[in-house]
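Keep in mind that this is a model prediction, so the values were computed, not measured. In the text below, chain A, chain B and the rest are named by the order of the sequence lines, each starting its count at 1.
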Amino acid sequence: MEERYDFKTIEEKWRRRWQEADLYASHEEPGREKKYVLVMFPYPSGPAHIGHVANYNLGDVLARYLRRKGVNVLHPMGWDGFGLPAENAAIRSGVHPARYTWDNIALLKEGLQRLGYSYDWDRELATCAPDYYRWTQWLFLRFYEKGLAYKALARANWCPSCRTVLANEQVINGHCERCETLVVQKALSQWFLRITAYAERLLADMDRLPGWPEGVLTMQRNWIGRSEGCEVVFHVKETGQEMPIFTTRPDTLWGVTFFLLAPEHPLADELTRGTPYEKDLQTFRERLRGVSDIDRIAMEAEKDGIFTGAHAVNPVNGEEVPIWTANFVLMEYGTGAVMAVPAHDQRDFEFARKYGLPIRVVIQPPGGELDQEEMTEAYVEPGSMVNSARFDGTGSEAGKLEAVPDYLEERGWGRRTVNYRLRDWLISRQRYWGVPIPIVNCEKCGTVAVPDSDLPVLLPEGVRFEFEGPSPLERSDEFRYTTCPGCGGPAERETDTMDTFVDSSWYYIRYASPNDDREAFDPEAVRYWLPVDQYIGGIEHAIMHLLYSRFFTKVLMDLGLVEFDEPFTNLLCQGMVVMGGAKMSKSKGNIITPDQFFEAYGADTLRLFILFLGPPEADKEWSESGIDGAHRFLHRVWRLVDRYLSILTLKTQPVLEDSEMLKRLAFLTHSTIKKVSEDIERFAFNTAIAAIMEYTNGLYKAIEDSPDAFNTFEGHDALRSLVLLLAPFAPFITEELWEELGGEFSVHQQPWPEYDAELARAERITMVVQVNGKVRERIEVDSGIPSEEMERVALDSARIRKLLEGKDVSKVIVVPGKLVNIVIR
RNA sequence: GCCCGGGUGGUGGAACCGGUAGACACAAGGGACUUAAAAUCCCUCGGGUUAUCCCGUGCGGGUUCGACUCCCGCCCCGGGCACCA
């Protein structure tokens with residue numbers, strides 16, 4: 001064999017051979033065990049970067065390992081093709097978004113192919129291709145038919161100078177990223193998907209996701225934000241209008257001293273219209289224009305509000321309290337109105353103190369005597385109800401859960417209800433580079449769905465991209481003006497496109513039959529491959545993408561289109577590769593590409609190095625120091641195989657009597673197989689590689705000590721195992737070495753090595769002896785040593801005996817096979 | 001601000017269920033080989049006036065025979081917060 005490890009030639013050679021052999025094609029084989037291994041597809045923002053490599057390494061190692069275990073593996077790749085950056089590029093440099101995107105896809109694909117990932121490229125898909133988004137539109141129409149897609153007014157970021165809608169990302173400190181004009185909130189009629197209808201199921205079904213990280217489930221639970229409470233109907237004194245509020249604390253109803261509306265609440269306009277307060281409201285809204293919701297509801301944010309001049313009537317006691325608007329009340333949560341109980345809610349308390357509004361204590365802490373004048377903060381803990389008419393003396397918990405809700409329901413003043421923090425999913429984007437919403441607006445027929453047979457509604461190509469003004473679709477007469485599918489009269493197309501999260505909410509299903517042009521997916525293929533057994537992706541997707549995908553899956557099941565209601569059985573959230581403390585991304589301008597490493601080190605080294613950097617879940621600060629180590633290791637493996645092969649050609653007689661060495665070899669081999677297999681199963685790829693390095697070091701020692709011992713079954717087994725174990729991590733070099741060892745093509749189709757538990761067990765172990773928890777002695781003993789024997793050996797050791805002189809042994813703790821701790825006084 | 005993670009040598013990390021802190025590497029230093037360099041191989045490598053001792057896993061407490069690991073309170077860093085994906 002070649003003396004030097006020439007990675008360039010090797011990698012080229014095998015990349016071609018694998019392609020010719022179509023090594024990673026996947027097919028349904030009913031009855032055979034399958035695993036669907038999926039890594040979140042990338043947004044093609046440019047060439048591959050180190051963050052991609054870190055991602056896709058994980059899925060590839062797992063897919064390769066599972067195939068070798070005899071499993072039928074689906075491991076596809078595709079492109080999340082729609083998105084804002086393509087459109088920004090079009091505006092800035094005149095490149096058409098399609099061109100920009102497809103060019104980037106080509107670049108990214110080339111990078112991934114050089115890394116030797118084992119994708120079934122026949123299943124490649126792109127969400128921006130008409131043969132994909134046709135089915136996104138088709139699915140939208142199914143949602144629409146079910147009443148799960150609807151139009152409503154919603155606020156959007158609006159730059160008055162550019163006369164265009166801005167994404168949150170384009171709003172910097174409340175100002176337009178381009179022209180620095182103060183961004184305002186403008187109400188637009190927009191499309192929503194009714195995810196709130198699935199809130200309860202999305203919440204409850206998380207109990208059936210034991211394969212998900214607890215942190216992600218917690219984030220999703222908090223995001224859905226279920227709270228039980230009551231809806232209570234207040235009235236406007238002046239007009240008699242009903243103003244329902246949601247509260248989780250009905251037990252504090254008697255402590256209401258004012259009433260709050262969200263500043264955007266239409267009722268605030270109505271109540272102040274034509275009054276001296278009308279101007280105050282406008283000034284107040286002006287003040288809040290550039291302030292995000294996050295800053296408005298921050299606990300530490302200054303409370304701000306104005307009086308509307310009107311009053312609310314509290315149903316439980318008939319009291320009339322002033323109606324204010326406040327910055328911390330959001331239109332999007334609950335009913336956009338709240339009852340204010342300053343004595344028992346911190347924000348209400350701060351508001352009351354600031355504006356001199358009354359505070360009334362209605363919950364007394366156990367044994368305490370709260371005084372509304374003296375209080376410095378709200379009392380939010382349970383206690384005993386006071387100043388609450390017939391409920392005086394009732395425990396607040398009982399009052400909250402039973403007594404008061406019962407009372408409200410009896411009187412018809414309110415009812416028990418459940419409120420969610422989760423809001424419906426706004427999918428409208430006033431942009432070009434997305435899936436057109438397949439709806440036509442007709443003056444006669446109203447909102448009309450585009451018939452399935454007319455799909456896809458294609459994006460027009462000859463459009464102009466401008467810095468300001470309405471979106472290219474709105475400006476495109478060709479796109480916009482059409483005929484009504486219902487009456488055949490003139491009509492206008494919906495010009496909004498969909499949020500790209502819609503595209504990525506079902507792509508994992510499309511992979512089952514990506515080239516199907518008759519349906520969104522083939523039920524047979526879906527039945528075999530889905531759900532995804534192992535989903536892998538960045539922690540930054542913990543909530544939105546994963547929640548939207550779960551929602552989609554449930555709707556598809558209800559539509560009878562799929563037979564499962566959770567898309568991802570197991571989830572691995574890996575950390576991010578960060579640089580300079582921020583995640584690596586093109587928009588941050590801090591990307592490192594693999595290209596620069598291919599020349600000097602090769603793909604195997606880069607794969608190995610990045611996997612060796614740390615555990616998948618941890619964030620990794622990028623630094624290339626250490627890549628030499630990975631490269632050196634591959635050279636070492638190469639030379640070891642070379643050395644071994646030269647021993648074989650010497651045709652030495654195997655030294656069968658050197659049984660100690662053979663036993664040592666067998667132990668090394670089998671304990672390493674065990675360790676590497678277990679580590680891969682728990683995604684500890686970094687320690688799996690460390691184990692292979694230790695193994696290599698051990699084999700080097702052995703081959704120095706007794707080269708002849710390698711011309712034996714144990715020797716052959718050791719070298720073959722080394723290559724077989726390393727193959728999922730470094731696919732190119734191992735394929736070459738496998739060939740050198742006389743193995744059959746391909747190493748990636750060889751069964752994963754099995755270990756013999758007996759051979760993998762160490763014969764001698766180091767037992768630790770502690771005195772009062774401090775290590776005082778280490779003694780080598782047989783691994784099967786009984787506990788009583790461990791204790792005896794420990795107490796017998798000279799050093800321990802000396803330490804125990806004149807002391808009382810009060811206790812001896814023995815951890816079998818590990819340590820003995822002697823407790824003395 | 002709220003929710004979710006994380007913090008271990010000069011560096012990346014290991015320690016899997018409460019039981020030997022620092023595996024495996026990188027960097028650094030010393031040595032061998034070489035005319036020389038590269039490559040390779042060997043040795044040292046948390047700190048402490050150099051060891052059978054003491055200290056040490058962000059900081060302060062606690063539980064335990066024993067804590068990087070569990071509990072309480074802080075500090076710092078990262079992610080998400082609904083139009084970046």
Salt-bridge contact A:D679-A:K675 (side-chain N to carboxylate O under 4.0 Å)
yes
Using a heavy-atom cut-off of under 4.0 Å over every strand shown, decide if A:K701 touches base, sugar-phosphate, or nothing.
nothing
N or O in side chain of A:T218 less than 4.0 angstrom from B:rC4 OP1/OP2:
no
Using a heavy-atom cut-off of under 4.0 Å over every strand shown, decide if A:M576 touches base, sugar-phosphate, or nothing.
sugar-phosphate
Taking the inter-plane angle between the rings of A:Y133 and A:F82 on a 0 to 90° scale, is it parallel (under 30°), tilted (30 to 60°) or perpendicular (over 60°)?
tilted
Dump every N/O contact between nucleotides 60-67 of chain B and the protein below 3.5 Å, one line per pair.
unit_1 : atom_1 : unit_2 : atom_2 : d
B:rC65 : O2     : A:N821 : ND2    : 2.4

Atom CZ of A:R4 and atom C1' of B:rU40: how far apart are they, to the nearest Å?
12 Å
Please verify the inter-ring angle class for A:F597 with A:Y601; under 30° counts as parallel, over 60° as perpendicular, anything in between as tilted.
tilted
When you measure from every atom of RNA chain B, which of residues 692-699 of chain A have a heavy atom less than 4.0 Å away?
A:M693, A:E694, A:N697
Do the side-chain N or O atoms of A:K774 get closer than 4.0 angstrom to the phosphate oxygens (OP1, OP2) of B:rC55?
yes
Check every strand shown and say whether A:Q190 touches a base, only sugar-phosphate, or nothing at a heavy-atom separation below 4.0 Å.
base
Classify A:I294 by what it touches in the nucleic acid, base, sugar-phosphate, or nothing, heavy-atom distance under 4.0 Å.
base
Any base atoms under 4.0 Å from A:V165, or only sugar-phosphate, or nothing? Heavy atoms, all strands.
base
Contacts table for residues 793-804 of chain A: side-chain donor-acceptor under 3.5 angstrom, sequence neighbours left out:
unit_1 : atom_1 : unit_2 : atom_2 : d
A:S797 : OG     : A:I800 : N      : 3.2
A:R799 : NH1    : A:R776 : O      : 2.9
A:R801 : NH1    : A:D796 : O      : 2.8

Going by heavy atoms closer than 4.0 Å, what residues in residues 539-549 of chain A are next to RNA chain B?
A:E540, A:H541, A:I543, A:M544
For nucleotides 10-14 of chain B, list the nitrogen or oxygen atoms of the protein found under 3.5 Å from its nitrogen or oxygen atoms, one pair per line.
unit_1 : atom_1 : unit_2 : atom_2 : d
B:rG12 : O2'    : A:L613 : O      : 2.6
B:rG13 : O5'    : A:L613 : O      : 3.3
B:rG13 : O3'    : A:N686 : ND2    : 3.4
B:rA14 : OP1    : A:N686 : ND2    : 2.9

Within the structure shown, what part of the strands sits under 4.0 Å from A:F501 by heavy-atom distance: base, sugar-phosphate, or nothing?
base
Parallel, tilted or perpendicular: which one describes the rings of A:F685 and A:F729, with boundaries at 30° and 60°?
perpendicular
Phosphate OP1/OP2 of B:rG1 contacted by A:R296 side-chain N/O (<4.0 Å)
no
Classify the nucleic acid contact of A:R778 as base, sugar-phosphate or nothing, counting any heavy atom under 4.0 Å across all strands shown.
base
Does a side-chain N or O of A:R421 approach OP1 or OP2 of B:rC3 to a distance below 4.0 Å, or not?
no
Those stems involving RNA chain B that have three or more consecutive Watson-Crick or G-U pairs, both distances under 3.5 Å, are B:1-7 with B:75-81, B:10-12 with B:24-26, B:28-32 with B:40-44, B:46-48 with B:53-55, B:58-62 with B:70-74
